[in-house]
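By convention in this document, chain letters (A, B, ...) are assigned in the order of the sequence lines, proteins followed by strands, and residues within each chain are numbered from 1. Below, all heavy atoms of this structure are taken into account, side chains as well, without hydrogens, waters or symmetry copies.
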Amino acid sequence: MSTDVVTDRAADRPADRGPGPAVPIDRSALTAVHRTVLDWYQANARDLPWRRPGTTAWAVLVSEVMLQQTPVSRVEPAWRAWMDRWPAPADLAAAPAAEVLRAWDRLGYPRRALRLQECARAVVDRHGGVVPDTEDALLALPGIGAYTAAAVAAFTYGRRAVVLDTNVRRVLGRALEGRALPAPALGRAERERAAGYVPEDRETSVRWNVGVMELGALVCTARSPRCERCPLQTRCAWVRAGRPADAHAATRRRQAWHGTDRQVRGRIMAALRDAPDGWTAESALLQAGADGADPAALPDPRQPARALASLVADGLAVRGDDGHPSRYRLP
DNA sequence: AATGCGGGGGT
DNA sequence: ACCCCAGCATT
């Protein structure tokens with residue numbers, strides 16, 4: 001039996017070309033990878049609060065939504081305070097949206113907070129306050145996509161699912177497919193390959209999903225992977241290939257931040273949150289959007305107004321009525 | 001398939 | 001400075 005994890009055929013196939021076999025890896029080698037990751041996870045898992053026994057499905061769901069593009073270190077304290085304040089879907093459903101957005105604070109992408117509250121209301125209205133236990137039903141909830149639906153189904157209900165986040169994609173891409181980093185976009189072919197890697201046994205699949213994710217978060221990191229600490233080091237297709245560079249490096253372009261509408265929106269949201277109960281004058285918001293300067297001095301003088309209008313369109317801010325048309329507040 | 005959407009900490 | 005983070009909704 002070969003000790004190579006990746007078959008020659010799989011290694012030679014151009015990245016993301018054609019469907020290919022669902023499992024381009026030797027079956028017994030895959031089983032060994034499963035066992036290795038499960039053992040490693042048992043010895044190295046972090047003690048994250050949402051992993052503790054007794055955590056409700058709703059609490060897990062909230063953690064997953066907060067973790068959408070926000071690192072664990074920042075989510076942890078926010079999640080504790082949040083769950084302390086709104087422990088059940090009905091609690092969040094009944095809260096004023098402004099309070100929800102204020103509690104969201106600087107986790108980023110505040111639309112997620114609105115969606116999470118919509119999700120709470122949907123759970124109450126459609127499911128009697130009980131988080132649904134199937135991926136399809138979860139996927140139908142606001143703010144719940146493929147990853148979060150799979151994660152909740154697997155981690156709180158013990159379902160066999162294809163949990164495919166940035167960590168899992170990176171570990172699978174490296175260890176089993178020899179890539180430095182996953183493709184910028186998650187396509188059908190990659191999803192099908194990942195599905196083929198999930199252990200058949202239900203309980204094993206749950207530990208595999210969380211184990212691979214943890215390995216990606218702690219060892220097989222994007223920037224400087226700690227291969228010397230990796231339990232898959234001797235099997236890793238990427239290491240065996242000499243850790244080749246990222247094939248998508250040229251097309252992988254970071255979204256700009258300085259001077260963008262997103263940055264300006266963020267400043268305006270911060271200003272809106274700082275007005276505890278009352279309204280904020282439009283002029284103050286535009287100035288906040290310009291980072292305290294005169295908006296007219298910006299390269300694009302209309303940017304703060306545009307950003308504020310987009311926040312209103314997104315339901316993150318509301319404008320005063322006819323009596324106070326130039327004042328705004330959180331919804 | 002591509003784009004827009006926050007914010008902060010690690011390197 | 002740059003990069004990345006347990007993605008989702010919309011086009």
* To do: Would you confirm whether A/R102, through its side chain, and A/R273, through its main-chain N or O, come within 3.5 Å as a donor-acceptor pair?
  =>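 At least one qualifying donor-acceptor pair exists.
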* Asked: Across the strands shown, which category fits A/A146 at heavy-atom distances under 4.0 angstrom: base, sugar-phosphate, nothing?
  ->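 Here A/A146 touches the backbone only, sparing every base.
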* To do: Could you tell me whether A/W50 contacts a base, only the sugar-phosphate backbone, or nothing, with contacts defined as non-hydrogen atoms closer than 4.0 Å?
  =>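 Here A/W50 touches the bases of the nucleic acid.
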What is the distance from [atom1] of [X] to [atom2] of [N], rounded to the nearest Å?
X: A/L316; N: B/dC5; atom1: CG; atom2: P; result: 11 Å
X: A/R112; N: B/dC5; atom1: CZ; atom2: P; result: 15 Å
X: A/L311; N: B/dC5; atom1: CG; atom2: P; result: 9 Å

* Please tell me which of A/R51 and A/G143 maps to the more 5' nucleotide of DNA chain C, matching each residue to the nucleotide holding its nearest heavy atom. =>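 Result of the comparison: A/R51.
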* **5'-most by nearest nucleotide on DNA chain C - A/I144 or A/L67** =>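 Between the two, 5'-proximity favours A/L67.
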* Asked: Looking at A/W279, does the NZ or CZ of A/R327 lie under 6.0 angstrom from its six-membered ring centre and within 45 degrees of the ring axis?
  ->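 Output no; distance or angle outside limits.
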* With a 4.0 Å heavy-atom cut-off, tell me which residues in residues 82-101 of chain A come close to DNA chain B, sorted by residue number. =>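 Per residue number, the list is empty: none.
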* On DNA chain C, reading 5' to 3', which nucleotide is the first and which the last to sit with an atom under 4.0 Å from a heavy atom of chain A, could you check? =>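 Counting from the 5' end, contacts occupy C/dC3 to C/dA9.
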How long is the span from the [atom1] atom in [X] to the [atom2] atom in [Y], to the nearest 0.5 Å?
X: A/E118; Y: A/R111; atom1: CD; atom2: CZ; result: 11.5 Å
X: A/Q263; Y: A/W257; atom1: CD; atom2: CH2; result: 5.0 Å
X: A/L38; Y: A/E203; atom1: CG; atom2: CD; result: 11.0 Å

* **Charged N-O contact under 4.0 Å between A/R159 and A/E135** =>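 The answer is no: the pair does not qualify as a salt bridge.
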* Look at A/D91 together with A/R85 and state whether they make a salt bridge at an N to O cut-off of under 4.0 Å. =>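 So A/D91 does not pair with A/R85 through a salt bridge.
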* To do: Tell which nucleotide pairs with C/dC5, taking only Watson-Crick or G-U wobble pairs whose two distances are both under 3.5 angstrom.
  =>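 Partner of C/dC5: B/dG7.
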* A/R262 (side chain) and B/dG6 (base): donor-acceptor pair under 3.5 Å ->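 Checked by distance alone, the answer is yes.
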Measure all distances between protein nitrogen or oxygen atoms and nitrogen or oxygen atoms of nucleotides 9-11 of chain B, and list the pairs falling under 3.5 Å.
none

* **Rounded P spacing from C/dT10 to B/dG6 in Å** =>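 Between the two P atoms, the distance is 15 Å.
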* Span that lies between the P atom of C/dA6 and that of B/dT11, in whole angstrom ->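 Rounded to whole Å, the distance is 13 Å.
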* Would you say A/R106 reaches B/dG8's phosphate, i.e. side-chain N/O to OP1/OP2 under 4.0 Å? ->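 Answer yes for this pair, as a side-chain N or O of A/R106 is under 4.0 Å from OP1 or OP2.
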* Asked: Given that A/R188 and A/R267 both sit by DNA chain B, which one's nearest nucleotide is further toward the 5' end?
  ->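 The residue closer to the strand's 5' end, by nearest nucleotide, is A/R188.
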* To do: With A/I144 as reference, evaluate A/V152, A/V65, A/L116 under the side-chain contact (heavy atoms from CB on, under 4.5 Å) test and give the passing residue.
  =>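 Testing A/I144 for a side-chain contact (heavy atoms from CB on, under 4.5 Å) against A/V152, A/V65, A/L116 leaves exactly one candidate, A/V65.
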